[in-house]
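Just follow the structure's listing: the first ligand is 1, and inside any ligand the first atom is 1. Below, all heavy atoms of this structure are taken into account, side chains as well, without hydrogens, waters or symmetry copies. Please read these numbers as outputs of a predicted model, since none were measured by experiment. Residues take their numbers from the sequence shown, with the count starting at 1.
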Amino acid sequence: MSVSPRVFDLEALVRPAVREIPSYVPAKIPAGSPSRQIKLDMNESPYGPSPKARAALAAFDHTHRYPDFTQAGLRESLSAYVGAPAEQIICGAGLDDVLTNLMVLLLDHGDEVIISEPTFGVYRALIAVHGGTTVDVPLTDGFQLDVDGILAAVNSRTKLIIVCNPNNPTGNTFDPAAVERIVAEAPCLVGIDEAYAEFAGISHLPLMDQYSNVCCLRTLSKFAGLAGMRVGYGVFPKPLMPYLWAVTPAFCNISLASSVAAIASLEDLDYLNGIIARLNADRDALADNLREIPGVEPLPTATNFILMRLPVADATPVFKALAERGIFVRNFPKPSLGIADCLRVSIGTAEENEIFLNELDDALQRVRGAA
Ligand SMILES: Cc1ncc(COP(=O)(O)O)c(C=O)c1O
């Protein structure tokens with residue numbers, strides 16, 4: 001006897017909050033695009049990992065062993081690097097993973113997290129996945145924090161305020177006094193995303209000496225060229241640590257190969273500081289060159305990327321014209337973000353930056369000619 005399969009709507013099982021999350025759509029590689037592809041859309045390092053990290057990975061042959069569940073070696077290295085106690089550090093498979101665990105730690109259904117858009121798009125998705133509500137207190141006209149607005153938005157359901165400094169995608173840093181005032185006055189946790197701190201030469205870790213409600217969230221994806229290895233970490237107030245360990249997956253969320261690469265990178269800081277200096281110098285040179293293109297306005301940045309205004313209302317056609325030539329950057333078409341006329345470009349090698357510059361000039365002329 002054959003049983004006829006029951007037909008039902010599987011998608012109806014998916015939580016509404018998850019169904020509403022827009023899927024992340026990376027730049028499409030158009031059919032017939034040139035074989036040359038220059039990836040300047042994810043703020044990766046064009047130089048890859050440091051020589052010591054490369055050597056450690058080449059020699060790595062422990063794929064059959066589980067990682068150290070306590071992440072002890074990596075946490076010790078990070079402790080020496082940031083100057084914070086290892087017992088207050090916990091790592092994840094990228095900073096996204098640390099952020100995920102933070103949401104698991106804090107959010108019950110309907111709890112609120114304050115963010116200031118335009119900012120890192122992943123926050124919204126993570127908050128929604130974990131049943132939380134995003135409260136957006138937009139950045140001011142100059143992309144600074146609306147401190148009064150943020151403090152006024154805090155209520156009894158507010159668990160967390162995320163401050164991304166330097167901010168992605170705008171690239172700028174916030175007034176340190178504004179950040180400190182939020183930490184000092186907000187009766188909740190303040191998570192400071194320092195993914196690009198190494199480029200800006202800033203850190204909010206000293207705030208942790210004075211205030212008990214702040215944590216610093218960091219990554220080796222950007223300055224250390226380890227985006228593919230997924231190594232992020234956070235420095236948290238001591239009382240939260242047992243709970244953070246409780247929500248961190250038991251078999252460790254960071255692979256042994258990743259921690260080996262990260263530890264070796266942290267032994268190669270002279271090299272990595274050289275890379276940071278080179279990227280910062282190339283960024284400033286690119287910004288100067290962008291200003292030469294009529295109507296293009298690179299915005300102030302302290303990161304390894306530049307957000308630029310273009311002389312068009314909607315940057316999408318320019319974004320597409322660049323993709324057709326194998327140049328991948330980011331655009332932000334969602335009108336509420338207020339940067340639909342902008343493109344964000346990661347700093348590549350000097351050669352890649354030069355190609356981008358020429359292609360942007362060309363793409364703008366083509367798009368404006370066609371309009
Ligand atoms: C502001 C910000 N936070 C966090 C991340 C995630 O970093 P990771 O690669 O460590 O997950 C990124 C990556 O682009 C970012 O821009």
Side-chain angles (χ1 to χ4, degrees), residues 24-27 39-46 48-49 53 71 74 78 81-82 89-103 113 115-127 129 134 136 139 143 145 160-174 179 190-200 202-204 215-235 248-249 253-255 258-259 261-262 265-266 272 279 283 301-307 328-332 337 339 342 344-348:
Y24 177 72
V25 188
K39 262 188 70 39
L40 301 174
D41 57 339
M42 289 190 180
N43 305 337
E44 298 152 326
S45 171
Q71 312 169 338
L74 178 53
L78 289 167
Y81 173 56
V82 293
I89 296 175
I90 195 161
C91 307
L95 179 47
D96 285 348
D97 189 42
V98 180
L99 284 163
T100 297
N101 288 336
L102 193 55
M103 301 301 163
V113 179
I115 64 172
S116 293
E117 289 181 329
T119 191
F120 185 44
V122 167
Y123 304 145
R124 234 179 216 284
L126 285 182
I127 294 162
V129 168
T134 297
D136 175 32
L139 296 176
F143 295 138
L145 293 164
L160 174 69
I161 299 169
I162 303 179
V163 172
C164 184
N165 195 24
N167 188 44
N168 177 13
T170 58
N172 62 302
T173 53
F174 299 132
V179 179
V190 180
I192 306 185
D193 184 332
E194 299 191 328
Y196 301 95
E198 278 83 358
F199 298 101
I202 57 169
S203 170
H204 301 83
C215 60
C216 294
L217 307 164
R218 297 180 138 226
T219 178
L220 275 75
S221 289
K222 310 299 179 181
F223 83 99
L226 290 184
M229 297 306 292
R230 316 305 296 125
V231 186
Y233 62 102
V235 187
T248 295
N253 51 0
I254 178 159
S255 80
S258 299
S259 54
S265 298
L266 296 169
L272 290 175
L279 286 169
R283 172 198 66 205
T301 175
T303 63
N304 65 333
F305 60 86
I306 297 175
L307 187 74
F328 300 104
V329 297
R330 275 296 305 271
N331 66 333
F332 303 90
L337 295 178
I339 49 172
C342 293
R344 188 195 70 192
V345 65
S346 315
I347 307 305

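One finds the CG atom of Leu220 at 6.0 Å from the OH atom of Tyr233 (value rounded to the nearest 0.5 Å).
For ligand 1, residues of the protein lying within 4.0 angstrom by heavy-atom distance are Gly94, Leu95, Asp96, Phe120, Cys164, Asn168, Asp193, Ala195, Tyr196, Thr219, Ser221, Lys222, Arg230.
Under the side chain to side chain contact (heavy atoms under 4.5 Å, CB included) criterion, Ala195 pairs with Leu95, Asp193, Thr219, not counting sequence neighbours. Residues passing the ring pair (Phe, Tyr, Trp, His ring centres under 6.0 Å) test with Phe174: none are found, sequence neighbours excluded. Shown here are the ring pair (Phe, Tyr, Trp, His ring centres under 6.0 Å) partners of Phe332, two or more places apart in sequence or in another chain: there are none.
In this structure, Tyr196 has its ring center at least 6.0 angstrom away from the ring center of Phe223.
The main-chain N or O of Cys91 is found under 3.5 Å from a side-chain atom of Asn253 such that the two form a donor-acceptor pair.
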